[in-house]
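Working notes, beginning with the structure itself.
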Amino acid sequence: MAEKVVIVTGAARGIGKATAIELLEAGFFTVLCSRNIQTMASLETEISSFAGNFMISSVDISVEEEVREFISSVAEKKGRIDVLINNAGVVHTGPVEKTSAEQWDEMMSVNAKGAFLMVKHSLPFMPRGGHIVNIGSNASKKGFPGWAAYCASKFAVLGFTNSLREEVRDRGIKVSAVLPGPTKTDIWDSLPGEWDRAKMMSPEITAKTVLSVINQPLEANIDEIDIVPSTGNL
């Protein structure tokens, strides 16, 4: 495992952070990236016991030149990219009439375009047996009032994932979609409304699921997996 190179986007907090730690504990060489520089600096201290088995980078995945330079630097240092986990995302909620074009553009640029750019520039360095995992949401398949723009971006991620899977199948590269329901992260602090975190899952549940997905035997793939709280979706 130590020789497998994994990239996790949005690794500064929440599901991304939990996934990165899960991978480090499993022995993967883990590349953590986020555009949140301050949080990443704190995370580097937290995972210092894994020194030598990770890289941390600040990158805005919605900007192609930043993605190109980031992927090139990883490939130059490690030679290849075995697993790409697209987790980074942003959320804005509210009625369509009150959703700004800037909010729409940001969600589309980070959630959908960001995943596309990461895949586009990682694929040339991904060997046969590589794996791409796109973290979607229950909002990838179901619409919710006040979440139309976010749902649109997550529907786009799932559509991209399903097409990509068929495109790279002959190259021996796996593609999976992991779709978690409500999860206890600090993103809820920035959203209007009251949210019952007692009914949500921990980020570690999705992290362990991701590890299970990429640890499937070579001849098997989990195309798509939904994870929901046992109490049901909010």
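Computed from a prediction, not measured in an experiment: that's the story for all the values here.
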Distance in Å, M55 CE paired with I7 CD1, rounded so as to fall on 0.5 Å steps: 8.0 Å
Approximate separation, where rounding is to 0.5 Å, of E25 CD and L211 CG: 10.0 Å
Under the side-chain hydrogen bond (donor to acceptor under 3.5 Å, both in side chains) test, residues paired with E66 that sit two or more places apart: none
side-chain hydrogen bond (donor to acceptor under 3.5 Å, both in side chains) against S137, all qualifying residues, sequence neighbours excluded: none
Tell me whether [X] contacts the main-chain N or O of [Y] through its side chain, where contact means a donor paired with an acceptor under 3.5 Å.
{"X": "K78", "Y": "V6", "result": "no"}
{"X": "S140", "Y": "K154", "result": "yes"}
{"X": "R165", "Y": "D223", "result": "yes"}
{"X": "N221", "Y": "V175", "result": "yes"}

Could you go through residues 113-126 and list every donor-acceptor pair under 3.5 Å that involves a side-chain atom there, pairing it with any protein atom two or more places apart or in another chain?
unit_1, atom_1, unit_2, atom_2, d
K113, NZ, S62, O, 3.3
K120, NZ, E64, OE2, 2.8
H121, NE2, E64, OE2, 2.9
S122, OG, M118, O, 2.7

Counterpart residues, side chain to side chain contact (heavy atoms under 4.5 Å, CB included), relative to E166 (two or more places apart): R169
Exceeds 12 heavy-atom contacts within 6.0 angstrom, atom CD of E65: yes
ILVMFWY cluster membership beyond F50 - transitive side-chain contacts under 4.5 angstrom: I21, L24, L32, M40, L43, I47, F54, I56
I'd like to know if [Y] and [X] are part of one continuous hydrophobic network [Ile/Leu/Val/Met/Phe/Trp/Tyr, side-chain heavy atoms within less than 4.5 Å].
{"X": "I85", "Y": "V157", "answer": "no"}
{"X": "M108", "Y": "V90", "answer": "no"}
{"X": "V63", "Y": "V31", "answer": "no"}

Stepwise side chain to side chain contact (heavy atoms under 4.5 Å, CB included) check, V67 with I61: CA-CA 6 Å; V67 172; I61 63 169; 4.3 Å; yes
Side chains of H92 and T99, donor plus acceptor under 3.5 Å: no
Those residues that, when tested against Y150, pass ring pair (Phe, Tyr, Trp, His ring centres under 6.0 Å) (two or more places apart): W147
